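Letters go in sequence order (proteins before strands), and every chain restarts at 1. Because the structure is predicted, anything quoted here is derived from the model rather than measured.
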Protein chains: 2
Amino acid sequence: MSNETQASTADLGEAPAAADGELIRSGRDATATRRALVRAARRRFATDGYRATTVRQIASDVGVNVALINRYFVSKEGLFEACMLRTSDELETQASTPSKSIEEVIERLIEHVVNAPDSDDPLQLLLLLRSSGDENADLIRRRTLEHFTRRLAAAAGWRSDTPESEAILLRAQLAIATSLGVVMLRTSAAVQPVASASGDELNEPLRQIFRVLLGRSGQ
Amino acid sequence: MSNETQASTADLGEAPAAADGELIRSGRDATATRRALVRAARRRFATDGYRATTVRQIASDVGVNVALINRYFVSKEGLFEACMLRTSDELETQASTPSKSIEEVIERLIEHVVNAPDSDDPLQLLLLLRSSGDENADLIRRRTLEHFTRRLAAAAGWRSDTPESEAILLRAQLAIATSLGVVMLRTSAAVQPVASASGDELNEPLRQIFRVLLGRSGQ
DNA sequence: TCGTCAAGTCAGCAAATGCTTACATCGAGG
DNA sequence: CCTCGATGTAAGCATTTGCTGACTTGACGA
């Protein structure tokens, strides 16, 4: 059960991230604790699901008391929202590198799919697709996915108002669905042989799929 | 867990395919009650997930007391196991129609993906991919998926012992992953536009994907 | 009619879970 | 030193959840 992720507390404490203008860290650093909680929570949510994850688990992963989750995020749902917002931000940042060719985008998507099991890739959190019993969380999740879809479709030549490019949007979302399906099999279910397949083995089939979906030949 | 209740497997097979008397359950019929429980449970598990589904919900759906679940299936896990076995059986039956061409298999897979949101398609249950916190359930799930993978791979020319056909196995599982991803987006998350796409719109892209993965051209 | 046994119900227990309230500890400043 | 706010902890409450044991109800044969 409590096997990994003990390091999260340590390395977050000693290295203040550059993102936000943080004050000098002291022995008890609220923002660092918050980040550690979000980090641990995202991992748990992505691998175990929303419902199956307990706040006590998350707190234990970080090594702090459970009550801090309610202090900083009000509720479990609030913590989940924070996770989603951070994931959305990361995907946004990565996608905003301008004027990528579709080939480059495909390569990056493949990389995400291949590496997701090992890293705590933001794509992992999107695995939380099923209704988590929380309406607000579901809304955030859906919005994130649709936004990501438009990003990918834009790289494939989608223009927002022409009706014929609706097909491109659909195809982009099928690419995302495929990615999520593969990540799902690799991470949560450990289904063979996909789970243990190397990046090299996955590379060629995935590239074929994405080219068919997003490239000019497929349309 | 593996004591009695093997009868549940048996009487699942010997059923007249009559229209479900699920809500109209009259009289005291143990096998009918068992079937109704499995049916309701499968729906709940597929849509809400294992953890989020409570045995009280399932019993209430059927209109029966909670204790019957423990009487007939020993535990919640036992009920889930029965659901998985039934799903596995259905997929098995459908896949066992002999000497299918790969094209036919692809068409049927597409049909599954397209229709899953409306019917209680067995594919839906496979959505239960995330670790449900129940080790035994995870094992069953993984086995079912791997079995299904081998079935699909066999239709694509897979032979069990030649090492080069491992690639075929991997590609078949990627096709399954894609199917699961699409079904997931369509059913649980209602992500647009895939969720509201018609079968006709999905047909062509999906066929392209599956041909690339399973057809001769892709290898 | 009565006995028997499967089918089903009822009330409740023990554990888990989200969350709250009261308390403790650390750092800094008067 | 002492106070005060911020950070963190300990204990526990209320609810949910899976499950159990004792009880009731219906069908059927002697």
Mind calculating the distance between [atom1] ([X]) and [atom2] ([N]) to the nearest angstrom?
X     : N      : atom1 : atom2 : value
A:D29 : D:dG8  : CG    : P     : 8 Å
B:F80 : D:dC19 : CZ    : P     : 14 Å
A:I69 : C:dG18 : CD1   : P     : 9 Å
B:R51 : C:dA15 : CZ    : C1'   : 12 Å
B:K76 : D:dG18 : NZ    : P     : 4 Å
A:Y72 : D:dT9  : OH    : C1'   : 12 Å
A:R71 : D:dA6  : CZ    : C1'   : 8 Å
B:L68 : C:dA11 : CG    : P     : 16 Å

Is it the case that the side chain of [X] and the backbone of [Y] share a donor-acceptor pair, with hydrogens and angles ignored and the cut-off at 3.5 Å?
X      : Y      : value
B:R42  : B:L37  : no
A:K76  : A:I69  : no
B:T53  : B:G49  : yes
A:E201 : A:S198 : yes

Discussion item. Apply side chain to side chain contact (heavy atoms under 4.5 Å, CB included) to residues B:V55 and B:N70 and explain how you reach the verdict.
Written reply: CA-CA 9 Å; B:V55 290; B:N70 297 106; 5.6 Å; no
Practice prompt. Could you tell me whether A:F73 contacts a base, only the sugar-phosphate backbone, or nothing, with contacts defined as non-hydrogen atoms closer than 4.0 Å?
Written response: nothing
Worksheet item: Counting any heavy atom closer than 4.0 Å, what does B:A30 reach on the DNA or RNA strands: base, sugar-phosphate only, or nothing?
Response: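 Sugar-phosphate contact only - B:A30 comes under 4.0 Å of backbone atoms but never of a base.
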Does a side-chain N or O of [X] approach OP1 or OP2 of [N] to a distance below 4.0 Å, or not?
X     : N      : value
A:S75 : C:dG18 : no
A:N70 : C:dC19 : yes
B:T33 : C:dG8  : yes

Worksheet item: Toward the 5' end of DNA chain C, which comes first, B:R56 or B:N65, by nearest nucleotide?
Response: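 That would be B:N65.
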